[in-house]
Amino acid sequence: MHKVNIAEKFSKISEYWKPYVGAELNGQMVKFDKIKGEFVWHHHDHEDELFLVVKGRFRMDYREKDADGALRDRHEWIEEGEFIVVPRGVEHRPVADEECWFLLFEPASTLNTGNVKNERTIEQLQYV
Ligand code: NI
């Protein structure tokens with residue numbers, strides 16, 4: 001049981017889109033992720049995800065069904081010091097023009113690419 005310095009953890013991370021586990025509690029993980037560029041569209045069938053921006057900003061794109069069942073895209077910029085919860089089932093894609101650092105709070109079982117499996121999927125997370 002020791003305190004964690006967030007900046008110090010991020011200083012050890014050099015790759016983008018590779019979440020590292022910083023802590024575990026109640027079956028949840030606190031993950032450290034540095035991002036830049038565009039991720040893949042995906043959703044999580046069973047997990048809600050919380051993204052807390054520590055440095056920089058990113059844009060979260062969503063694809064939602066409106067009342068008629070038509071797909072509608074929208075996005076929201078998440079600024080430093082802000083967080084967002086993406087509910088299970090919602091199609092989403094994080095995008096960052098510049099390097100952004102965020103913390104993720106989600107169940108240990110959550111896969112970074114959700115329902116999609118491709119070269120960006122990371123099955124075994126390392127600890128930082
Ligand atoms: Ni996700």
Side-chain angles (χ1 to χ4, degrees):
M1 196 167 64
H2 294 287
K3 69 179 182 179
V4 171
N5 184 286
I6 293 171
E8 192 254 324
K9 291 280 189 199
F10 273 107
S11 75
K12 296 177 178 169
I13 298 174
S14 56
E15 288 166 274
Y16 294 128
W17 304 110
K18 186 178 179 186
Y20 284 84
V21 182
E24 286 185 73
L25 67 163
N26 304 314
Q28 300 262 327
M29 282 179 170
V30 179
K31 299 175 184 173
F32 288 67
D33 204 359
K34 262 185 200 180
I35 67 163
K36 190 178 180 182
E38 202 175 273
F39 203 52
V40 290
W41 282 104
H42 67 279
H43 69 267
H44 308 270
D45 283 327
H46 306 291
E47 297 111 344
D48 309 321
E49 290 193 292
L50 185 152
F51 299 78
L52 168 64
V53 176
V54 171
K55 190 176 176 185
R57 69 198 291 246
F58 78 102
R59 191 186 80 220
M60 188 64 93
D61 294 343
Y62 308 97
R63 193 162 279 165
E64 296 170 310
K65 279 191 180 159
D66 65 19
D68 317 329
L71 287 173
R72 191 171 53 89
D73 283 5
R74 71 174 183 98
H75 68 263
E76 193 166 32
W77 283 95
I78 319 301
E79 308 286 344
E80 196 168 300
E82 296 183 337
F83 72 84
I84 187 168
V85 176
V86 177
R88 63 198 65 186
V90 174
E91 206 67 30
H92 59 282
R93 174 181 68 173
V95 179
D97 297 335
E98 305 291 337
E99 181 175 292
C100 172
W101 302 357
F102 59 55
L103 296 178
L104 283 155
F105 298 75
E106 58 193 17
S109 60
T110 308
L111 207 54
N112 63 331
T113 54
N115 61 312
V116 175
K117 285 215 181 166
N118 63 17
E119 70 284 351
R120 306 185 81 166
T121 305
I122 298 175
E123 308 250 11
Q124 292 297 325
L125 298 185
Q126 295 170 19
Y127 283 74
V128 67

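Counting starts at 1 for both ligands and their atoms, in listed order.
- Among protein atoms, those of element N, O or S found less than 2.8 Å away from the Ni ion (ligand 1) are His42 NE2, His44 NE2, Glu49 OE1, His92 NE2.
- Partners of Val95 under the side chain to side chain contact (heavy atoms under 4.5 Å, CB included) rule, at least two apart in sequence or in another chain, are Glu38, Arg59, Asp61, Arg93.
- Distance check: Met60 CE to His75 NE2 gives 12.5 Å after rounding to the nearest 0.5 Å.
- Put simply, the side chain of Lys9 never gets that close to the backbone of Phe32: no donor and acceptor are under 3.5 Å apart.
- Distance CG/Asp66 to CG/Leu71: 8.0 Å, rounded to 0.5 Å.
- Counted by atom type alone, Ser109 and Glu47 present one or more donor-acceptor pairs between their side chains at under 3.5 Å.
- Between Phe51 and Phe83, the gap from one ring centroid to the other reaches at least 6.0 Å.
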